[in-house]
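Report on one structure; see the data block that follows.
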Amino acid sequence: MCKILKHSLAVQLNMRRSAAPSQVLGNAGKKPRFIPPGKCIAVCLKNETKEMDQEIKLKEIDEKGGASLLSKINVQNQNENYTQSVESTEKVKTKPCFSINKCSKAEVKMLNVPKADALCLPTSGTAKEEAAQEAPDCLVKYFSVVWCKASKKKHKKWEGDAILITKGKSVILKDMEGRDIGRGTGYKAKELESLDEGQTLMVGGKEIEVMGVISADDFSSGRCFQAGIGSHDTDATALSQTNTKPFCKPFKNVCKPSTKENMLKDSQRCKPRHDPNASNSLVMPRPNASHQWMFNKAGLPVMDVVVDPYIASNLRPHQKEGIMFLYECVMGMRVSGRFGAILADEMGLGKTLQCIALVWTLLRQGPYGCKPVLKRALVVTPGSLVKNWKKEFQKWLGSERIKVFTVDQDHKVEEFIGSPLYSVMIISYEMLLRSLDQIQAVEFNLLICDEGHRLKNSTIKTTTALTSLSCERRIILTGTPIQNDLQEFYALIEFVNPGILGSLSTYRKIYEEPIVRSREPSATEEEKELGEKRAAELTRLTGLFILRRTQEVINKFLPPKKESVIFCRPTALQLELYRKLLSSRVITSCLQGRLENSPHLICIGALKKLCNHPCLLFKAIKEKGCDPMSEEYDESSLYENVIDVFPQDYTSDTFSETDSGKLQVLVKLLAAIHEFNSSERVVLVSNYTQTLNVLQDVCKHYGYSYTRLDGHTPVSQRQHIVDTFNSKFSPAFIFLLSSKAGGVGLNLVGASHLILYDIDWNPATDIQAMARVWRDGQKHTVHIYRLLTTGSIEEKIYQRQISKQDLSGAVVDLSKTSEHTHFSIEELKNLFTLHEDSSCVTHDLLECDCMGKIDHQNTSSEKPPISRSCQLEQNHGKPNSKKPLSMSQLMQWKHFSGQHQTLADPFLERIKENVSFIFQNVTNPTSPPNKT
Ligand SMILES: Nc1ncnc2c1ncn2[C@@H]1O[C@H](COP(=O)(O)OP(=O)(O)OP(=O)(O)O)[C@@H](O)[C@H]1O
Ligand SMILES: [Mg+2]
């Protein structure tokens, strides 16, 4: 970027979007004032370091010695001294953002100082007094500038663009990645205020020339740092072409250049493939003039692109919108020169169908001269969903319209390449890595990455492999919200639209650091404001090609969903074992803060096992042994004496359902469902294979037919298992599902009951599992049951889940490790407390009157039953409320105590005896069950 330029040329060539509009045309008429570095000197002698604001420390001048010292300084020294007045950029490198609150007064002569000996002299009063005099809200101005090292050369060799911030008498220079590259103080405030285009200034040994004024808004939003993406408008033409890839490439293969003759022929025979005027037709947006100018160089007739009514007739309104959005993105109509999109609709909204409609449309049509935009499309998806994608293609298009190729052991990429029949290839991420060489040789015009949140890490093999594909039109599909971690967010954006957010270091400085900083408790008001603005700008910018809709858009098409959180009383054996574990040496030492080797995680694991069933703990003890001599952090020391609590003849194989509170409830619940209607089906979910084994034994014991999908199920069999279960003729009553293995993407609409047997730290894992049954295609009212052991660690995890969910607005990352590893001692104390006297600790925390008064103050069973929807307002105004705000939603659910006489629910009615409390919520209560 080093160019030798004269001023005016520099003004023009170094222009970035951030420069003033006047400079786009250059400013030849205006002669910039240039102050050679050697002539314009600001000398500041360090006397004291003063905190200027939360970030900037500026050095003030010892005014007493200042003048006498200064008079002795030669030019060279002055330069050295000047640098003293400039805060080292290194020092502030790690600081996230900056803003200037108040300015110190430093005695510096700066702008337009004609003499080589121009020195900074104290004016009046002490530095401190003067700093105090300066209005804290003095004007902050922002400029786009170019800079170079100070030199006396006539022709400057500008080294880069930068942003200059002036306030009062101080300036900061930032490079385009947001790093401080110079600071100075002691300028004349007036001169800084009147600084304008073409003027020059010395900042920290650097000479700068002002290219234009930047609005405060452009600075605080970070737009000014974004080369090429800075405008407020969303118009594709707003983008700088210099920063984008060649425009013709995406259309290269399918738009062959036309001769005049061909063009005429084209326009004569060209007509939209489907009638754009038909009722309910779905017509894609027409390209605007600039798009045509860029992509229709051959001047082909512009045609309406109309989605095949065969598929369009099935689309939900949000899906129609989604298809138009995707179309605009991959056509480069939303952001010029960018062809990527992220469709982040919540689970079950039909992302697959939207993509299928898009692919089918683009394989057959295009806006210019009826030429299809795509020749080949590649879908990459988790292995378990490869067949589902094929099925969905068939479901929505029928097998006669399109042939899709799925890669597996028997069907290699070569077959796809060799066959003219296929235009769509579906492959798993794993298989993609294995066949990368062959795939790289194929020219795909569209790449769809399903469950694409796995690309959040740019260094992993999968991301590198996919990035290596030359295809520019890239779509990421994810039901998992992606904005939790700003670096992962960057990686996803970078994948679909490379370079759009600048380099990673720029992104960090401009967005991540200020945003993260603004959310820290110690953030100043100014930091908060800056962070909010940057976040808003990031959202605006990425919102051009990210679309997320929530479940609500589809609720009205879905049958009702009844969700119950069921607090199951632990059994006597569970309680005794629980107490024993809590009194172990390991837990005591954890609570004293000795957490090396993470013994607390072992303890948490043991308690969770115990909650599921004591036999799982028993098994662990047998495997690990219990050694009284072992180290505290060793698992076997946790089990010391625990084995004695089990009955002498206890074995893990012959477990009894009466040993576990949750299992007792489960068995009754399954019986109730089965008896109610033998064609009802249940998905039974656990995070643990061992627990699934127990549940499987229960199925066997009661003669319930079942099927199972967990991490060990071969990928090739998964779709078959799912299809069989969903089929009307499925013999299976129960689908045993490992949430880790089969959580994402699966449709299990054959079942209308889903039971979450245990709880995960990450709410997304559970939400994912629940979304398997309540989704499009479900015909019956859905019942979701979440089983928790009353007063135990499971309740605490649940409380954490709902806080986390509220805090992030359900924005959580599925693939984050499910076990939390960091806990404060307070949190651990809470986690390792058993509440034996509460029927629902979560409800206690809500401070909801409906329960608190009756169950706690008077446990008499003659008390009238409780069934009410608590009012949020009733806790308002209570000081010192222990209720985490995040639980507020639970307040709106129905609260039932275990003693409630009629629950008006045939299934819950059966389990009452073992249940201490129930929260229940019905979504979509009025919608009729889906008949389609
Ligand atoms: N318009 C529609 N009418 C009827 N069923 C639909 C419609 N759209 C989608 N579906 C069905 O809804 C189910 C869910 O769709 P899909 O699997 O595409 O969801 P998704 O958005 O990919 O969710 P996830 O994030 O869980 O993968 C599928 O069985 C699909 O066939
Ligand atoms: Mg999906």
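Note that ligands are numbered from 1 as they come in the structure, with each ligand's atoms numbered from 1 the same way. All values below were derived from every heavy atom in this structure, side-chain atoms included, with hydrogens, water molecules and symmetry-related copies excluded.
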Side chain, backbone, both or neither: which part of [X] has a heavy atom under 4.0 Å from ligand 1?
X: R772; value: side chain
X: K395; value: side chain
X: W396; value: side chain

Option whose closest heavy atom lies nearest to atom 15 (O) of ligand 1, chosen from C355, G350, A344: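 Checking each option, the heavy atom nearest atom 15 (O) of ligand 1 is found in G350.
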Nearest candidate to atom 17 (O) of ligand 1, where distance is taken over non-hydrogen atoms, out of R775, E346, M347: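 Shortest heavy-atom distance from atom 17 (O) of ligand 1: R775.
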R338 charged N/C atom sitting above F545 aromatic ring, 6.0 Å / 45°: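 That pair does not qualify as a cation-pi contact.
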Aromatic Y798 / basic R786 pairing, under 6.0 angstrom, 45° off normal: no
ring-ring contact (aromatic ring centres under 6.0 Å, His included) partners for F725, two or more places apart: F735
Salt-bridge contact K391-D723 (side-chain N to carboxylate O under 4.0 Å): yes
Salt bridge (Lys or Arg N to Asp or Glu O under 4.0 Å) involving K390 - partner list, sequence neighbours excluded: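 Once residues adjacent in sequence are excluded, K390 has no partner under the salt bridge (Lys or Arg N to Asp or Glu O under 4.0 Å) criterion.
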Close approach of E451 to ligand 1, heavy atoms, under 4.0 angstrom: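 Distance cut 4.0 Å: E451 passes for ligand 1.
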G348 heavy atom under 4.0 Å from ligand 1: yes
Test of proximity, L349 against ligand 1: N or O pairs below 3.5 Å: yes
Backbone or side-chain N or O of N388 under 3.5 Å from ligand 1 N or O: no
Test side chain to side chain donor-acceptor pair (under 3.5 Å) applied to T691 and N612, step by step: CA-CA 7 Å; T691 304; N612 278 0; 3.0 Å; yes
Main-chain N/O of V330 paired to R473 side chain as donor or acceptor, under 3.5 Å: yes
Check: N497 side chain, G340 main-chain N or O, donor-acceptor pair, under 3.5 Å: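 Judged by distance alone, yes, a pair lies under 3.5 Å.
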Per-atom contacts of ligand 1 with E392, taking only distances under 4.0 Å to non-hydrogen atoms: 28 (C), 29 (O), 30 (C), 31 (O)
Sub-4.0 Å atoms of ligand 1 with respect to non-hydrogen atoms of N747: 13 (C), 14 (C), 17 (O), 28 (C), 29 (O)
